[in-house]
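Beneath this line is the structure, given in structure tokens, with notes to follow.
Numbers here simply count residues along the sequence, with the first being 1. Keep in mind that what you see is a predicted model, and the values were worked out from it rather than measured. Just so you know, ligand 1 is whichever comes first in the structure, and atom 1 is the first atom listed for that ligand. Note that these values count all heavy atoms, side chains included, but never hydrogens, waters or copies made by symmetry.
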Amino acid sequence: MSEPVVDLRSDTVTRPTPEMRRAMAEAEVGDDVFLEDATVNRLQDRAAEIFGREAGLFTPSGTMGNLVSILAQTRPGQEVICEAAGHVYNYEMASMSAIAGVLPRVIEADNGILDWERVEGAIRPSVYYRAQTAMVAIENTHNMAGGTVYPVEVADEICDGAHARGLRVHLDGARIFNAAAALGRDVEAVTRKFDSVQFCLSKGLGAPVGSLIVGSRDLVERCRPIRKMLGGGMRQAGVIAAAGLVALETGPGRLVEDHANARFLAERLAGLPGVGVDPESVQTNIVIYDVSGAGLDAGMFLEAAQRRGVLGIPVDRSRVRMVTHRDVGRADVERAAAILEEVVREAAR
Ligand code: TLP
């Protein structure tokens with residue numbers, strides 16, 4: 001029998017565990033537009049509790065969670081400061097402009113990690129004839145910078161500085177549990193100064209669907225009608241929230257394994273001729289590496305890897321991203337590393 005494919009395209013590819021499927025089958029449900037789905041309510045309350053916030057709101061995706069948070073805290077014609085390689089700016093269908101009517105004010109940062117000095121420099125002067133900055137949106141971990149983590153003081157300083165200037169701060173915390181695990185802190189401690197936090201159940205935590213927004217009760221009550229406007233008012237959503245609850249309780253504790261597997265993969269790759277990656281820079285579950293030195297572009301490299309049973313995604317012409325997750329263990333990652341070695345050695349021949 002041929003070996004199964006090692007799918008490292010994303011941590012979104014995990015399948016629900018038997019425990020999640022059981023919870024889904026048995027979920028108590030109701031109509032969530034009438035606020036009557038007991039499982040959704042439980043998930044929202046539990047998320048709020050874990051983050052030390054007043055309330056939570058379940059959304060179908062991280063993309064919707066980010067957009068709802070932006071819509072709730074900005075007006076058309078305002079600006080949102082974000083990082084150049086950030087997800088909200090690059091991978092969300094320009095929704096902040098197309099739907100929220102705000103202009104992304106983009107700044108570049110080393111490793112995707114902004115600091116207050118850079119953010120402050122991008123804030124518009126407070127004069128009536130200039131568009132006004134309304135929000136700062138930061139991403140932790142930073143996906144396309146390779147899963148990099150904000151030091152807590154750096155994020156806190158951005159929040160304090162922005163608040164003093166009257167701005168809101170949104171956290172795209174799709175992978176905030178990975179950040180917290182890497183820092184050895186809890187998510188409450190690393191997110192407490194943000195006005196809104198979006199985090200994904202369907203990434204490292206392993207749920208099949210869903211994200212949450214957590215924040216003050218006032219924020220959540222502003223977000224709820226916006227979610228409905230966007231078509232995110234779901235009915236018996238308890239069937240998916242049930243899996244989310246299992247993910248929330250059981251997912252965070254095992255992320256360190258994914259991080260160790262990612263580091264292991266990076267170490268193996270670093271030993272290959274022409275592959276550019278610094279294993280020390282791999283802080284969480286994402287490995288981004290450059291294959292151009294091996295005489296390959298990212299597309300060619302990934303095609304050759306796919307033929308042998310390993311999947312990743314291209315970041316640009318020369319760089320590849322691979323993400324570890326619950327459905328790949330150390331043995332799978334070892335096999336992937338051996339296959340990628342073959343790809344590189346064959347290219348050298
Ligand atoms: N990221 C996906 C792709 O869209 C790139 C992935 O495979 O990593 N914020 C961040 C930081 C994300 O990485 C993602 C998904 C989202 C938001 C959006 O979440 P979903 O996919 O639930 O809309």
Side-chain angles (χ1 to χ4, degrees), residues 7-14 16 47 57-71 80 82-96 99-100 104 109 111-114 136-150 155 170-180 182 187 190-191 194 196-214 227 230-232 234 237 240-241 243-244 247-248 251 255 258 262 283-288 298 302 311-316 319-328:
D7 191 346
L8 300 171
R9 284 173 302 170
S10 183
D11 46 10
T12 59
V13 302
T14 55
L57 187 71
F58 190 38
T59 62
S61 67
T63 301
M64 191 187 286
N66 285 337
L67 177 59
V68 167
S69 302
I70 292 169
L71 276 161
V80 173
C82 48
E83 203 279 324
H87 199 277
V88 280
Y89 179 58
N90 292 285
Y91 300 96
E92 298 188 7
M93 312 302 295
S95 62
M96 88 162 78
I99 300 173
N111 301 318
I113 305 298
L114 293 168
V136 184
I138 78 166
E139 184 174 321
N140 193 14
T141 68
H142 193 299
N143 183 350
M144 286 300 167
T148 48
V149 178
Y150 269 84
H170 172 66
L171 174 63
D172 176 356
R175 297 186 179 82
I176 194 63
F177 283 92
N178 296 84
V187 286
V190 302
T191 61
F194 290 88
S196 51
V197 177
Q198 178 280 118
F199 74 93
C200 294
L201 298 164
S202 62
K203 301 211 163 53
L205 303 187
V209 185
S211 284
L212 281 115
I213 299 167
V214 291
R227 180 189 67 172
L230 297 177
M234 298 181 284
I240 52 175
L248 194 53
L255 293 174
D258 296 346
Q283 296 174 268
T284 57
N285 66 331
I286 300 178
V287 185
I288 292 180
L302 285 167
L311 307 183
I313 64 165
V315 174
D316 51 34
R319 290 181 307 152
V320 167
R321 184 189 80 161
M322 291 191 170
V323 184
T324 55
H325 52 80
R326 205 198 45 229
D327 289 2
V328 295

Query raised in the report: Salt-bridged, Arg175 to Asp11, with N to O below 4.0 Å?
Result: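 Salt bridge present between Arg175 and Asp11.
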Requested in this report: Enumerate the atoms of ligand 1 whose separation from the nearest heavy atom of Ser61 is less than 4.0 angstrom.
Outcome: 22 (O), 23 (O)
Requested in this report: Heavy-atom contacts with Glu139 under 4.0 Å: which atoms of ligand 1 show up? List them by number with element.
Outcome: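 In order of number, 11 (C).
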Query - side chain to side chain donor-acceptor pair (under 3.5 Å) assessment of His142 paired with Thr148 - result: CA-CA 5 Å; His142 193 299; Thr148 48; 4.9 Å; no
For [atom], what's the nearest protein heavy-atom neighbour? Residue, atom name and distance, please.
atom: atom 20 (P) of ligand 1; value: Gly62 N, 3.5 Å
atom: atom 19 (O) of ligand 1; value: Lys203 NZ, 2.9 Å
atom: atom 16 (C) of ligand 1; value: His87 CE1, 3.2 Å
atom: atom 7 (O) of ligand 1; value: Ser10 OG, 2.7 Å
atom: atom 23 (O) of ligand 1; value: Thr63 OG1, 2.6 Å
atom: atom 9 (N) of ligand 1; value: Asp172 OD2, 2.7 Å

Requested in this report: May I ask you to identify, for Ala174, whether its side chain, its backbone, both or neither come under 4.0 Å of ligand 1 on a heavy-atom basis?
Outcome: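 Side chain only.
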Query - ligand 1 versus Glu92: contacting region, heavy-atom distance under 4.0 Å - result: side chain
**Report entry** Shortest non-hydrogen separation from Pro60 to Val209 and the atoms involved
**Finding:**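 Smallest interatomic distance, heavy atoms only, reads O-CG1, 3.6 Å.
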Distance-only, no hydrogens or angles: does the [X] side chain make a donor-acceptor pair with backbone N or O of [Y] under 3.5 Å?
X: Ser211; Y: Gly62; result: yes
X: Ser10; Y: Val13; result: no
X: His325; Y: Asp7; result: yes
X: Arg321; Y: Arg9; result: yes
X: Asn178; Y: Gly147; result: no

Query raised in the report: Any non-hydrogen atom of Met64 lying under 4.0 Å from ligand 1?
Result: no
Are any of the N or O atoms of [X] closer than 3.5 Å to those of ligand 1?
X: Asn143; result: yes
X: Arg175; result: yes
X: Ser211; result: no

Requested in this report: Evaluate the side chain to side chain donor-acceptor pair (under 3.5 Å) criterion for residues His87 and Glu92: first the C-alpha distance (whole Å), next the side-chain angles of each, then the deciding distance (0.1 Å), finally the verdict.
Outcome: CA-CA 7 Å; His87 199 277; Glu92 298 188 7; 2.6 Å; yes
